[in-house]
Amino acid sequence: MAHRKARDWAVTLGISTTIALTGCGTSTPASTASETQHTTAQDASATASQATSSPAQSENTQAASRGAKQTTGALTETYTSPDGSYSVKYPSSWQATTDKGYLELTSPDGSVTGHVSATGTYGPGEEWFTDHHLDHMTSYPAERLTELLGTTVGLYSGFKAGDSPEQDFVAHGLSQVNASGMVSLGKTDSKEELWASFEQTGVNTTGKALTDAEAAKAAEKAVKSENGVTTQAILKSVEITPEASPEPPAQGEAEALTETYTAPDGRYSLKYPASWTAKTDKGYLELTSPSGEFTGRVATTDVRPATEEWFTTTRTMGDGGVESPITEQLGSQVSTYSAYVHSPESADKDLALYGLTQVNSSGMVSLLDGSGTGELWVEFTATPPTVTNQALSHEEAKEILNKVDTTFQDVPTVKAILQSIRLGDAAVSVG
């Protein structure tokens with residue numbers, strides 16, 4: 001799916017509160033009246049987390065609910081995706097097209113068009129994330145999706161100015177927090193998301209660009225119209241079909257460490273299972289588990305120099321490791337550790353990391369010999385089971401890291417390999 005650029009997003013709920021979202025979800029109060037009149041559609045996502053927080057928004061919710069009961073047509077038809085991952089209801093009077101592997105809908109008068117799709121089948125282009133700005137947002141909870149996913153999902157509606165007055169429209173959709181108008185499909189080891197987006201045209205019949213006040217009234221009128229209320233009802237009907245949740249496979253015991261690797265200069269050694277693929281042609285040891293879950297490298301930094309990114313990339317640390325036998329050899333505390341590494345490029349390159357470290361050494365272990373300045377650098381990495389291409393908060397990252405630690409079958413063996421590492425006599429004697 002499209003790469004999502006890092007940015008701070010300002011999102012308005014109603015006209016009274018502005019939430020400034022960063023990767024950590026920090027909020028700041030609105031500073032000007034104009035700020036409270038604008039929002040960004042890709043951050044309809046942020047409205048999800050705030051959908052029940054303000055009195056004004058609660059009134060919007062109640063009004064929309066009352067309108068849905070009064071004016072929406074009966075949702076008599078049901079569409080279920082080919083893989084059964086989601087379903088949506090809609091009125092029989094709306095034209096439905098399903099031959100592309102997802103649902104496209106058009107209202108009887110043709111003024112509302114939209115779709116509900118999985119991004120693996122039909123997803124947004126880059127412009128969705130960079131140029132889909134909406135004004136005069138309203139939002140309220142999507143209770144059923146929130147219940148199914150266990151995380152807040154909201155409906156949003158907002159005004160979008162087109163290239164000409166005739167092209168102005170009101171957008172309607174679904175979003176999770178920080179999800180840029182997307183909803184996780186909740187599939188294990190998948191970044192596929194649900195994209196539900198509708199455009200309601202004919203909202204500007206004046207033939208001229210609207211002022212903020214006029215645009216606000218046009219948006220409100222569209223949202224409360226029969227087509228607007230029906231569109232919201234369609235979105236509220238969307239359901240995710242949760243994957244069957246089998247018990248995670250038991251991790252079991254670590255594999256037997258039958259093989260031994262000793263560095264060419266004798267400064268360190270370790271043990272590993274015969275089933276793991278070992279490469280030594282670069283002057284250090286590279287390991288890959290049979291399942292492909294983990295890859296690892298054990299080297300000194302004079303043979304494999306550490307990169308700048310190793311020291312600057314953001315990490316969420318795990319709950320703590322255990323003391324390594326190297327502690328006794330060095331007379332200085334050395335421990336195993338785990339961390340969630342937040343890639344500076346994109347979230348789909350995040351990693352779960354296991355290694356050895358001294359206190360405040362950024363994942364390095366000092367060597368006390370006088371032969372050079374090299375340190376021992378140990379890293380075993382796996383791709384974490386994230387479900388969206390979004391930057392994660394530290395709390396979310398720690399939750400995923402705990403899942404790796406308790407469910408990935410190679411973790412016990414990785415930890416055993418780390419505990420098998422020893423320094424050679426030369427590496428622990430000061431020259």
Side-chain angles (χ1 to χ4, degrees), residues 11-16 33-44 47 56-57 59-75 90-97 103-116 124-125 127-128 130-140 154-175 181 195-236:
V11 179
T12 304
L13 302 179
I15 59 171
S16 60
S34 62
E35 285 178 335
T36 64
Q37 291 293 325
H38 300 282
T39 187
T40 305
Q42 63 227 49
D43 294 302
T47 67
Q57 196 152 352
E59 292 175 7
N60 287 339
T61 301
Q62 294 171 10
S65 298
R66 290 194 299 268
K69 293 178 182 179
Q70 293 171 359
T71 64
T72 185
L75 307 184
Y90 59 95
S92 60
S93 59
W94 284 49
Q95 179 182 339
T97 302
L103 177 64
E104 292 181 312
L105 287 172
T106 303
S107 64
D109 63 3
S111 66
V112 178
T113 58
H115 64 268
V116 181
E127 66 279 359
W128 174 265
T130 59
D131 191 35
H132 197 65
H133 306 291
L134 301 183
D135 297 327
H136 311 294
M137 287 279 270
T138 58
S139 64
Y140 50 96
L155 279 74
Y156 67 86
S157 300
F159 183 87
K160 168 68 174 176
D163 294 333
S164 66
E166 295 76 18
Q167 294 176 306
D168 292 352
F169 64 87
V170 168
H172 306 272
L174 291 169
S175 186
W195 182 27
S197 176
F198 288 79
E199 294 183 2
Q200 186 174 357
T201 59
V203 298
N204 181 2
T205 59
T206 66
K208 63 180 182 179
L210 301 181
T211 65
D212 270 354
E214 290 170 336
K217 289 181 180 179
E220 182 181 12
K221 182 178 179 180
V223 167
K224 293 182 177 180
S225 70
E226 181 174 354
N227 277 341
V229 172
T230 299
T231 301
Q232 295 161 37
I234 291 170
L235 289 169
K236 289 197 74 172

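Just so it is clear, the values below take in all heavy atoms, side chains as well, and ignore hydrogens, waters and symmetry mates.
At least one side-chain heavy atom of Q200 sits under 4.5 Å from a side-chain heavy atom of S225. A heavy-atom distance below 4.5 Å is found between the side chains of I234 and P91. Side-chain contact between K217 and L210: absent, with no pair of heavy atoms (C-beta onward) separated by less than 4.5 Å. Looking at L155 and L174, their side chains come closer than 4.5 Å, going by heavy atoms from C-beta outward.
Between atom OG1 of residue T113 and atom CD of residue Q95 there is a gap of 11.0 Å, rounded to the nearest 0.5 Å. In this structure, NZ on K236 lies 14.0 Å from OG1 on T231, to the nearest 0.5 angstrom. Atom OG of S197 is separated from atom OH of Y156 by 5.0 Å, given to the nearest 0.5 angstrom. Note that CG of L235 is 15.0 Å distant from OH of Y90, once rounded to the nearest 0.5 Å. The structure places CD of E220 at 13.5 Å from CZ of F159, a figure rounded to the nearest 0.5 Å. Atoms CG and CG, on D163 and D168 in that order, are 9.5 Å from each other to the nearest 0.5 Å.
Under the side chain to side chain donor-acceptor pair (under 3.5 Å) criterion, E214 pairs with T211, not counting sequence neighbours. Under the side chain to side chain contact (heavy atoms under 4.5 Å, CB included) criterion, P165 pairs with N204, sequence neighbours left out.
Counting only distance, with no hydrogens or angles, the side chain of S111 and the backbone of T201 share no donor-acceptor pair below 3.5 Å.
Within the structure, ring-ring contact (aromatic ring centres under 6.0 Å, His included) pairs that include any residue of residues 195-235 comprise H115-W195, Y122-W195, W128-W195 (at least two apart or interchain).
The nearest pair of heavy atoms linking V170 to S157 is CG1-CB, 4.4 Å. Taking both residues in full, the closest heavy atoms of H172 and V223 are given as CE1-CG2, 4.2 Å, listed atom of the first, atom of the second, then distance. Considering all non-hydrogen atoms of both residues, A233 and L75 come closest at O-CD1, 3.6 Å. Smallest separation of non-hydrogen atoms from S107 and D109: OG-OD1, 2.7 Å. Closest heavy-atom contact between S175 and G181: OG-N, 3.1 Å. Smallest separation of non-hydrogen atoms from E166 and G207: OE2-CA, 4.2 Å.
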